[in-house]
Amino acid sequence: MSNVFKGRSLCVIEDFSIEERRYFFRKTAELKKAILENDEKKMDEFRINDPDFGIYEVFLEDSTRTKESFRNAANFHHAKVSELLSSSSSINKGESYADTFNMLSGYSNRIFIVRSKVEGLTKWLSEECSEYAERNGQPYKPAFINAGDGKHEHPTQELLDEFSFLENQDMDFSHIHVALVGDLYHGRTVHSKADGLKIFDSVTVDLIAPQELMMPENYIEIMKDNGFEVNIYPSIEAYLKGGKIAKIWYFTRPQLERMGERILKKEAELREAITFKKEFMPLLREGTKFYHPLPRHKEHPTIPTFLDKTSLNGWEAQAINGMYCRMVLLSLIAGKTGDDFHGARAEEKDYKSEEYIVEVQPENKSREKNISEGVRPLRNGIVIDHICKGDSPEEIRKHIRLISSVLGLDDGRGGEWISQGSDGRYKGIIFRPGISDLSRKELKRLAAIAPHCTLNIIRDGKVEKKFRTHMPPRIYNFEDMSCKNDACISSPESKEGVPAAFYRTKEDTYACAYCGRVHTFKEIWNKR
Ligand code: CP
């Protein structure tokens with residue numbers, strides 16, 4: 001079997017399966033031991049050892065640890081290590097990210113390490129640069145590593161955090177109980193934990209933050225869906241009074257640079273709730289370790305510096321682990337390590353097998369008996385029925401207007417109606433005389449904007465064809481929709497011309513394929 005890691009991108013933590021991540025941690029322990037014991041032979045098993053293998057760092061946002069640990073990791077590999085100085089690059093002349101990275105990939109660069117405020121950037125670049133490589137006959141497609149994108153994810157930090165937790169519990173994957181403390185709202189390192197902690201068989205997570213800095217609801221939902229026990233506390237003080245206290249504490253700093261004026265006014269009060277104090281020491285369990293992705297603020301550290309010389313200090317070893325983890329990650333993506341991995345790789349979603357526009361047999365019962373209140377039967381045309389069944393009349397009316405506009409049904413004759421069924425629920429109906437059929441693309445558009453509806457195609461007073469629409473597994477290729485997260489690469493705000501794409505979640509909502517922002521099927525369409 002070929003090396004499953006070779007050429008892979010790591011844009012979100014779920015890009016690697018649980019088994020792949022467990023394998024990664026074992027390999028990291030192996031390499032770390034070899035380096036500490038100066039075992040050159042073992043180190044060479046991991047080394048890329050190719051001066052033409054290009055590893056490129058592009059940091060569009062500040063960094064010390066991630067950037068420098070990656071640079072040191074890349075140098076370990078005796079590879080070609082480069083850095084794009086973003087402050088003097090042509091990005092500042094309005095060049096798109098796609099053009100910039102396409103060109104760099106043409107210069108024999110195989111792995112890009114990218115940090116940016118723009119969420120979903122590496123995912124977009126991995127698609128775009130693959131097509132560029134194909135167009136230009138390049139023998140490889142570049143891989144992308146997300147080194148942190150806005151509030152979204154920081155998957156390599158997740159790997160090094162978990163490696164540090166595992167080291168602390170002798171590589172035991174059976175259980176973890178961790179307290180996440182600090183700015184859980186803005187912190188991408190804690191967002192990555194919603195899926196990252198799945199490497200443990202059972203997980204208890206205590207979320208400690210005032211309401212303004214609490215973990216966004218969608219990440220809490222993901223944790224619960226993943227079977228984690230989740231407990232919520234407004235401050236460290238409340239946690240120590242009332243909680244079953246964890247031995248692993250993971251602190252994050254308040255990310256002032258990402259906060260609005262309203263929250264900044266309460267800065268001191270918020271810091272107080274998430275800063276550890278001397279008087280808390282006796283309340284900790286024996287063997288407790290503190291971790292922090294760092295940096296910590298020199299004036300207001302949430303882990304005060306008096307703790308540096310205590311046994312609580314897990315954050316220094318954690319930061320050093322960053323380099324070992326990144327050495328192994330580069331080795332895997334280069335295909336130098338990984339041949340002996342035999343587990344399951346991350347699943348590719350199979351979208352093609354799902355039919356979401358189903359043609360059904362028209363019943364053509366007596367239309368006198370089944371007619372909706374107030375609607376006269378059409379002789380020829382289309383009827384879209386069951387629109388937003390169960391919503392309020394106001395909601396239905398609003399959505400009917402959107403459907404009509406999105407499907408180009410605003411011109412000509414016809415009308416709309418809201419009726420109430422015998423169960424008391426409302427539903428919307430659109431009827432348009434004179435339309436004889438919808439194309440496949442129009443049907444797809446209909447399913448995307450009006451799922452759970454029926455489309456009747458009426459000819460000579462009879463239902464000639466009838467379709468039921470279900471929620472499509474993916475919605476893409478339509479110009480009049482967009483991700484509503486302004487920080488996303490596919491948002492019109494980014495001006496990068498990235499077409500929006502969404503995939504259906506378990507809850508029948510749609511997540512942006514780039515930044516993961518969850519939308520209802522109504523929200524993805526642009527306002528008219
Ligand atoms: N933990 C982390 O990402 O640190 P830097 O911002 O210094 O890279």
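Any value given below was found using the heavy atoms of this structure, including those in side chains, with hydrogens, waters and symmetry copies removed.
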query: How many angstroms lie between NZ in Lys309 and CD in Glu316, if you round to the nearest 0.5 Å?
result: 10.0 Å
Distance-only side-chain donor-acceptor flag, Asn313 / Asp308, under 3.5 Å: no
query: Does the side chain of Tyr219 come within less than 4.5 Å of Leu184's, by heavy atoms?
result: no
message: Please identify which of these residues, Tyr23, Phe163, Phe46, meets the side chain to side chain contact (heavy atoms under 4.5 Å, CB included) condition with Thr28.
response: Phe163
- prompt: With a 4.5 Å limit on heavy-atom distance, are the side chains of Met481 and Phe502 in contact?
  reply: yes
Value rounded to 0.5 Å, distance of OG1 in Thr156 from CD1 in Ile145: 7.5 Å
message: Does any part of the side chain of Ser105, heavy atoms only, come nearer than 4.5 Å to the side chain of Gln138, both counted from C-beta?
response: yes
task: For the pair Glu19 (side chain) and Ala344 (backbone), establish whether a donor and an acceptor sit closer than 3.5 Å, ignoring hydrogens and angles.
output: yes
query: Does the pair Arg21/Asp195 count as a salt bridge with the N-to-O cut at 4.0 Å?
result: no
message: Check the orientation of Phe25 and Phe173. Use parallel for under 30°, tilted for 30 to 60°, and perpendicular for over 60°.
response: tilted
field: Check: Asp99 side chain, Glu95 main-chain N or O, donor-acceptor pair, under 3.5 Å
entry: no
query: Between Gln255 (side chain) and Asp183 (backbone), is there a donor-acceptor pair under 3.5 Å?
result: no
- request: Give a yes or no on whether the backbone of Thr505 and the side-chain of Thr509 come within a donor-acceptor separation of less than 3.5 Å.
  value: no
query: Mind checking whether Pro472 and Tyr510 have side chains closer than 4.5 Å, heavy atoms only?
result: yes
query: Do any N or O atoms from the side chain of Asn226 and from the backbone of Ala194 form a donor-acceptor pair under 3.5 angstrom?
result: yes
Output a table of donor-acceptor pairs, distance under 3.5 Å, between side-chain atoms of residues 71-80 and any protein atom two or more places apart or on a different chain; print 'none' if there are none.
{"residue": "Arg71", "atom": "NE", "partner": "Glu68", "partner atom": "OE1", "Å": "3.0"}
{"residue": "Arg71", "atom": "NH2", "partner": "Glu68", "partner atom": "OE2", "Å": "3.2"}
{"residue": "Asn72", "atom": "ND2", "partner": "Glu68", "partner atom": "O", "Å": "2.7"}
{"residue": "Asn75", "atom": "ND2", "partner": "Arg71", "partner atom": "O", "Å": "3.3"}
{"residue": "His77", "atom": "ND1", "partner": "Ile48", "partner atom": "N", "Å": "3.1"}
{"residue": "His77", "atom": "NE2", "partner": "Met327", "partner atom": "O", "Å": "2.8"}
{"residue": "His78", "atom": "ND1", "partner": "Asn49", "partner atom": "OD1", "Å": "3.0"}
{"residue": "Lys80", "atom": "NZ", "partner": "Tyr107", "partner atom": "O", "Å": "3.1"}

Tabulate below the donor-acceptor pairs under 3.5 Å that side-chain atoms of residues 280-289 make, not counting sequence neighbours, or state none.
{"residue": "Arg285", "atom": "NH1", "partner": "Ile245", "partner atom": "O", "Å": "2.9"}
{"residue": "Thr288", "atom": "OG1", "partner": "Arg285", "partner atom": "N", "Å": "3.4"}
{"residue": "Thr288", "atom": "OG1", "partner": "Arg285", "partner atom": "O", "Å": "2.5"}
{"residue": "Lys289", "atom": "NZ", "partner": "Ser311", "partner atom": "O", "Å": "2.7"}

message: For a quick test of reading the model, state the closest non-hydrogen atom pair linking Ser126 to Phe144 and the distance between them.
response: CA-CD1, 3.6 Å
Pro216 to His191 - nearest heavy-atom pair and separation: CD-NE2, 3.6 Å
message: Applying salt bridge (Lys or Arg N to Asp or Glu O under 4.0 Å), can you list everything that pairs with Arg8, at least two apart in sequence or on another chain?
response: Glu20
- prompt: Are any non-hydrogen side-chain atoms of Leu125 and Phe112 less than 4.5 angstrom apart?
  reply: no
field: Short side-chain to backbone donor-acceptor contact, Ser494 and Ser490, under 3.5 Å
entry: no
- request: Assess whether atom CD of Glu237 is packed by more than 12 heavy atoms of other residues, nucleotides or ligands within 6.0 Å.
  value: no
statement: Residues Phe228 and Lys198: closest non-hydrogen pair is CZ-N, 3.8 Å
query: More than 12 non-hydrogen atoms from neighbouring residues, nucleotides or ligands closer than 6.0 Å to NZ on Lys6, yes or no?
result: no
query: Are Tyr97 and Leu60 side-chain neighbours, meaning at least one heavy-atom pair lies under 4.5 Å?
result: yes
- prompt: Counting N and O atoms only, with roles assigned by atom type, does the side chain of Asp486 sit under 3.5 Å from a partner on the main chain of Ser491, one being a donor and the other an acceptor?
  reply: no
task: Can you see which heavy atom on Ile113 is nearest to which on Leu330, and at what distance?
output: CD1-CD2, 4.4 Å
message: With a 4.0 Å cut-off on N to O distance, would you call Glu134 and Lys141 a salt bridge?
response: yes
Intermediate values then yes/no, salt bridge (Lys or Arg N to Asp or Glu O under 4.0 Å), Glu272 and Lys277: CA-CA 9 Å; Glu272 167 87 7; Lys277 296 189 191 121; 2.9 Å; yes
- prompt: Are the side chain of His292 and the backbone N or O of Ile303 linked by a donor-acceptor pair below 3.5 Å?
  reply: no
query: With under 30° as parallel and over 60° as perpendicular, where do the rings of Trp249 and Phe276 fit, or are they tilted in between?
result: perpendicular
field: Side-chain ion pair, Arg504 and Glu354, N-O less than 4.0 Å
entry: yes
message: Any side-chain to backbone donor/acceptor pair from Lys224 onto Ile220? Under 3.5 Å, distance only.
response: no
task: For residues Phe16 and Phe5, establish whether the separation of their ring centroids is below 6.0 Å.
output: yes
field: Gln211 atom CD: more than 12 heavy-atom contacts under 6.0 Å
entry: no
- prompt: Does atom CG of Asn92 have more than 12 heavy-atom neighbours from other groups under 6.0 Å away?
  reply: yes
statement: Rounded to the nearest 0.5 Å, the CH2 atom of Trp315 sits from the CG atom of Leu294 at a distance of 9.0 Å
- prompt: Taking 4.0 angstrom as the limit, do Lys67 and Glu57 come out as a salt bridge?
  reply: no
task: Heavy atoms only: give me the nearest Pro293-Thr189 pair and the separation to one decimal.
output: CG-OG1, 3.8 Å
- prompt: Got a salt bridge between Arg47 and Glu40, using NZ or NE/NH1/NH2 to carboxylate O under 4.0 Å?
  reply: yes
Donor-acceptor pair between Asn321 and Glu167 side chains, under 3.5 angstrom: yes
message: Looking at every non-hydrogen atom in both residues, tell me the closest pair between Lys151 and Glu119 and how far apart they are.
response: N-OE2, 3.0 Å
message: Would you say that more than 12 heavy atoms from the other residues, nucleotides or ligands in this model lie under 6.0 Å from the CD of Glu355, or not?
response: yes
- request: Show your reasoning for whether side chain to side chain donor-acceptor pair (under 3.5 Å) applies to His154 and Arg115.
  value: CA-CA 9 Å; His154 194 345; Arg115 170 170 290 190; 3.2 Å; yes
field: Non-hydrogen side-chain atoms of Arg271 and Thr302 separated by less than 4.5 Å
entry: no
query: Mind checking whether Cys483 and Tyr514 have side chains closer than 4.5 Å, heavy atoms only?
result: no
- prompt: Between atom OG of Ser87 and atom CZ of Phe59, what is the distance when rounded to the nearest 0.5 Å?
  reply: 14.5 Å
- prompt: Could you give the distance from NE2 (His519) to OG (Ser482), rounded to the nearest 0.5 Å?
  reply: 7.0 Å
query: Salt-bridged, Asp149 to Lys123, with N to O below 4.0 Å?
result: no
message: Under a 3.5 Å distance rule, please check whether Asn146 uses its side chain to pair with a backbone N or O of Thr122 as donor and acceptor.
response: no
- prompt: Does the side chain to side chain donor-acceptor pair (under 3.5 Å) test come out yes or no for Ser202 and His175, once each step is laid out?
  reply: CA-CA 5 Å; Ser202 97; His175 180 67; 2.4 Å; yes
query: In Å, rounded to the nearest 0.5 Å, how long is the span from CG of Asp201 to CD1 of Ile18?
result: 9.0 Å
